[in-house]
Amino acid sequence: MESGVIPVTELPGGLDLQATLESGQTFVWDREDGRMYEDGVSGGSAWYATVVDGEVVRVRQTDDRLEWESTTDAEPLLVDLLRLDDDLDAIVASIPADPLLEEAFERYRGLRLVRDRFFPCLVSFICSAQMRVERIHGMQRALAREFGERVSFDGRTYHAFPTPERLAEATEAELRALNLGYRAPYVKRSAELLATGELSIADLDGLAYEAAREAMQAFVGVGEKVADCVLLFSQSYLEAVPLDTWIRGAIEEHYPDCDRGSYAETSRAIRERFGGRYAGYAQTYVFHHLRHLE
DNA sequence: ATCCAGGATGTAT
DNA sequence: ATACATCATGGA
C-alpha cells in the first residue's frame with residue numbers, strides 16, 4: 001500500500017473535499033462511513049474511496065491535510081481527478097460578483113470541479129434524468145457492484161465502474177433490475193455506441209464548446225443538459241452551465257433577464273453573466289448552495 | 001394520494 | 001423550431 005499527504009494550504013483557493021465529492025457532480029466516490037449526502041453530517045475526516053484506471057484510491061481531509069492511501073502513487077491521480085491544478089482563487093476572481101454567488105463562494109470555498117472519466121460520467125448523467133442526487137449515486141454504485149471489475153485493497157473489495165463493453169452486454173432487464181427505470185435502454189444503447197466504435201470520445205477532439213455539446217447528443221439519453229454535465233465534469237469545458245431545475249430556478253429568481261426561452265440562448269446569457277470561461281464553476285457553486293438551503 | 005426529482009425521446013404542429 | 005404526452009421509481 002502506498003500513502004501520502006497533500007498539504008491543502010499550498011493549493012490556491014484551498015480544498016473542501018466533502019463539498020467537492022458530495023455536490024452531485026461526481027458519482028464515482030463512495031463515503032466509507034455510509035453517510036454520503038446526509039445533511040448536517042460533517043465530512044471532515046470521513047474517508048472516500050473510488051477505483052479509477054484500475055487503481056483504488058482512498059482519501060480524507062483533516063484540516064489542511066489531504067491524506068491518501070492507494071494501490072499506486074495517487075498524488076498525480078488526485079491532482080487530475082480533483083482539479084488540484086486549478087487556481088481556484090483566480091477562477092473565483094474571474095467570476096462577476098453578485099449576492100448569490102458571494103454567498104455560495106463564501107460558504108463552500110474550496111469546492112472544486114472534478115475531472116471524471118468519460119464513461120462513468122456519461123452513464124451517471126444519463127441516469128440523472130428526473131432523479132434525485134442520492135439515487136443517482138445509488139444507481140452508479142449498483143452498476144459497479146453488479147458489472148464492475150473487483151479490486152482488492154487493504155483487505156477489502158472495491159468495484160471499478162463497468163466498461164462500455166460490459167454494459168453493452170448487459171440486458172435491459174438486468175439494468176431495470178437495478179432500478180434504472182426508463183433510463184436502462186439509454187445506458188445500454190450509449191454503451192453499445194462506444195463499444196462498437198460507432199462513437200468515440202475522440203469525436204470531441206478540437207471541438208469548441210457548443211459544437212462539442214451538439215456532438216454529445218449523438219449518444220442516447222443525452223440532451224442539451226446532460227451533454228453540458230459531461231462536458232463540464234469530465235471534459236474540462238469549464239464554460240458549460242448545465243441548465244437543470246435548480247439553475248433554472250436561480251435564473252428565474254436572480255437572473256430573469258438571462259431567460260431567453262431556448263436552452264441555447266439562455267445558456268449563452270447565463271454563461272456571459274457568470275464571466276464566460278469559468279462559468280461552470282459558478283454553476284456548481286450555485287447548485288450546491290441552493291440545494292442546501294432547503 | 002399526489003407531486004416531484006440535475007430530462008430525453010417520439011410525435012404532432 | 002416548439003408543444004405535448006410518456007417514460008420508472010421512491011420519497012415527501
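Quick note on labels: first sequence line is chain A, next is B, and so on, each numbered from 1.
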> For A:K225 and B:dT9, what is the distance between atoms NZ and C1' respectively, to the nearest whole Å?
Replying inline: 16 Å

>> For the P atoms, the ones on C:dA8 and on B:dT11, what distance do you get once it is rounded to whole angstrom?
In response: 15 Å

> Please give, in whole Å, the distance from B:dA5 P to A:Y37 OH?
Replying inline: 18 Å

>> Would you say A:Y278 and A:D86 are linked by a side-chain donor-acceptor pair, where the criterion is simply a distance under 3.5 Å?
In response: no

> With a 4.0 Å cut-off on heavy atoms, is A:R135 in touch with a base, just the backbone sugar-phosphate, or nothing at all?
Replying inline: base

> Does A:N179 make a side-chain N or O approach to OP1 or OP2 of C:dA8 shorter than 4.0 Å?
Replying inline: no

> Closer to the 5' end of DNA chain B via nearest nucleotide, is it A:W246 or A:F219?
Replying inline: A:W246

> Which whole-number value in Å describes the distance from A:E214 CD to C:dA1 P?
Replying inline: 10 Å

> Hey, what's the ring geometry for A:F274 with A:Y255, parallel, tilted or perpendicular (30° and 60° as the breaks)?
Replying inline: perpendicular

>> Tell me the interatomic distance from A:L180, atom CG, to B:dG7, atom P, rounded to whole angstroms.
In response: 15 Å

> Centre of A:Y158's six-membered ring, under 6.0 Å away, within 45 degrees of the axis: is that where NZ or CZ of A:R156 sits?
Replying inline: yes

> Does OP1 or OP2 of C:dG10 have a side-chain N or O of A:R132 closer than 4.0 Å?
Replying inline: no

> Whole-Å distance between B:dA5 P and A:F287 CZ?
Replying inline: 11 Å

> Where do A:F233 and A:F27 land on the ring pair (Phe, Tyr, Trp, His ring centres under 6.0 Å) test, with the steps shown first?
Replying inline: CA-CA 11 Å; A:F233 303 133; A:F27 300 96; 8.7 Å; no

> Mapping A:G221 and A:P242 to their closest nucleotides on DNA chain B, which lands nearer the 5' end?
Replying inline: A:P242

> Is the side chain of A:R213 donor-acceptor paired with the backbone N or O of A:G223 at a distance under 3.5 Å, no angle test?
Replying inline: no

> Rounded to whole angstroms, how far apart are CD on A:E134 and P on B:dA5?
Replying inline: 13 Å

>> Can you tell me the base-pairing partner of C:dG11? Count Watson-Crick or G-U wobble geometry only, both distances below 3.5 Å, and say none if there is no partner.
In response: B:dC3

>> Need one value for A:G24: base, sugar-phosphate or nothing, where a base atom within 4.0 Å counts as base even if backbone is also close, heavy atoms only.
In response: base

>> Please report the distance, rounded to the nearest Å, between CD in A:E224 and C1' in B:dT9.
In response: 13 Å

>> I need the CD-C1' distance between A:Q130 and C:dA5, as an integer number of Å.
In response: 13 Å

> Has the side chain of A:Y263 got a donor or acceptor atom sitting under 3.5 Å from an opposite partner on the base of B:dG7?
Replying inline: no

> How is A:F233 classified with respect to the nucleic acid when contacts are heavy atoms under 4.0 Å: base, sugar-phosphate, or nothing?
Replying inline: base

> Any idea which of B:dC4, C:dA8, B:dA8 is nearest the A:V226 side chain?
Replying inline: B:dA8

> Where do A:K188 and A:E192 land on the salt bridge (Lys or Arg N to Asp or Glu O under 4.0 Å) test, with the steps shown first?
Replying inline: CA-CA 6 Å; A:K188 178 173 171 60; A:E192 286 170 347; 3.3 Å; yes

> Counting any heavy atom closer than 4.0 Å, what does A:Q25 reach on the DNA or RNA strands: base, sugar-phosphate only, or nothing?
Replying inline: base

>> Could you tell me how far C:dA5 sits from B:dC3 if I compare only their P atoms? Round to whole Å.
In response: 14 Å

> Of all the choices, B:dG7, B:dG10, B:dA5, which nucleotide is nearest to the side chain of A:R189 once you look at every atom?
Replying inline: B:dG10

